[in-house]
Amino acid sequence: MDPARNTDVVVDLEVNGRSEVRTVPARTLLVHFLRENLGLTGTHVGCDTTQCGACTVELDGVAVKSCTVLAAQAAGSTVRTIEDASASTDGGLDRVQRAFWDEHGLQCGFCTPGMVLAVRQLLRDNPRPTDDEIRHGIDGNLCRCTGYQNIVAAARKAAEAGPTMAKAD
Ligand code: FES
Ligand code: FES
């Protein structure tokens, strides 16, 4: 076995506006770092193999699948998870979350944190997407419950709401 695989590393990064420093095994994935070391369990693990998008977070302002990133690779970066996305001026929900609520864009909710962050990324890239563009924008995120129709409707509604409802887009 490669002895380097057991090496601990110090990971120093900003998560949801807080500076966090932890010593973890070098092989620790960012998703496990967030959930197990920081207790941010809103970021889910659906597959661990880059398929489902349940682990999506914002890394330096860009949505990424946090099971594809080593915690050590994220050192020095800024991470935002679903726990921080809800801080807004709209009753505790940002415009995307509000739209998911209004359009029933979830059932079990397992995919929802990742979906919300994927839609936020989509709307940053394309503020007024067509339905086809919405479907393309979330095609890295799997949902086993909804059939996607209501998720697309939620993304459309969030786009129509414009950026003013959210704390940060
Ligand atoms: S847990 Fe990361 S893509 Fe599924
Ligand atoms: S709401 Fe259940 S997986 Fe999407």
Side-chain angles (χ1 to χ4, degrees), residues 5 9 11 13-16 20 22 24-75 77-86 88 90-125 129 131-159 161 166:
R5 290 169 66 92
V9 293
V11 176
L13 72 177
E14 182 183 310
V15 180
N16 297 341
E20 304 283 5
R22 299 289 190 282
V24 297
R27 65 180 180 277
T28 303
L29 297 174
L30 180 58
V31 64
H32 298 309
F33 181 86
L34 294 170
R35 288 177 55 85
E36 293 161 20
N37 294 93
L38 303 185
L40 295 170
T41 54
T43 302
H44 292 163
V45 182
C47 65
D48 249 350
T49 55
T50 325
Q51 306 289 317
C52 73
C55 62
T56 302
V57 301
E58 292 174 3
L59 179 62
D60 290 331
V62 177
V64 300
K65 294 177 178 178
S66 59
C67 76
T68 68
V69 181
L70 291 169
Q73 289 176 297
S77 298
T78 298
V79 176
R80 193 176 192 198
T81 70
I82 193 65
E83 283 86 352
D84 192 50
S86 62
S88 78
D90 183 31
L93 301 177
D94 87 335
R95 65 168 166 154
V96 176
Q97 291 170 308
R98 171 62 61 189
F100 270 69
W101 176 286
D102 290 344
E103 298 296 325
H104 310 290
L106 64 148
Q107 289 182 27
C108 80
F110 191 84
C111 71
T112 310
M115 281 288 184
V116 165
L117 293 174
V119 171
R120 287 166 58 92
Q121 180 68 55
L122 166 68
L123 297 183
R124 281 194 295 272
D125 294 340
D131 283 7
D132 280 351
E133 289 169 336
I134 291 169
R135 290 180 183 280
H136 182 71
I138 62 171
D139 68 4
N141 292 67
L142 301 181
C143 176
R144 295 170 55 168
C145 305
T146 64
Y148 299 97
Q149 287 293 104
N150 289 1
I151 292 174
V152 172
R156 190 189 314 125
K157 181 162 187 165

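Atoms within each ligand, like the ligands themselves, are counted from 1 in listed order.
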Taking [X] for its side chain and [Y] for its backbone only, find out whether a donor-acceptor pair lies under 3.5 Å.
| X | Y | result |
| --- | --- | --- |
| Q121 | A63 | yes |
| T43 | V31 | no |
| E83 | G42 | yes |

Subject >> atom 4 (Fe) of ligand 1 contact by C55, N, O or S atom under 2.8 Å >> reply: no
Subject >> atom 4 (Fe) of ligand 1 contact by C67, N, O or S atom under 2.8 Å >> reply: no
**OP:** Using the side-chain contact (heavy atoms from CB on, under 4.5 Å) rule, take M115 and L106 through it: C-alpha gap first, then chi angles, then the decisive distance, then the call.
**Re:** CA-CA 10 Å; M115 281 288 184; L106 64 148; over 6 Å; no
**OP:** Could you tell me the separation between the CG atom of L30 and the CG atom of L59, rounded to the nearest 0.5 Å?
**Re:** 6.5 Å
Quick one: which ligand 1 atoms are inside 4.0 Å of a heavy atom on [X]?
| X | result |
| --- | --- |
| C52 | 1 (S), 3 (S), 4 (Fe) |
| G46 | 1 (S) |
| Q51 | 3 (S) |
| C47 | 1 (S), 3 (S), 4 (Fe) |
| T50 | 3 (S) |

Original post:
Are R156 and I134 close enough, and set up right, to give a side-chain contact (heavy atoms from CB on, under 4.5 Å), and what steps lead you there?
Top reply: CA-CA 8 Å; R156 190 189 314 125; I134 291 169; 4.1 Å; yes
Original post:
Would you call R120 and E58 a salt bridge, using N to O less than 4.0 angstrom?
Top reply: yes
**OP:** Just need the protein heavy atom nearest to atom 3 (S) of ligand 2, so name the residue and atom and give the distance.
**Re:** R144 N, 3.3 Å
Subject >> Nearest neighbour in protein (non-hydrogen) for atom 1 (S) of ligand 2 >> reply: Q107 N, 3.2 Å
Subject >> Where atom 4 (Fe) of ligand 2 is the vertex, angle from C143 SG to C111 SG to 10° >> reply: 100°
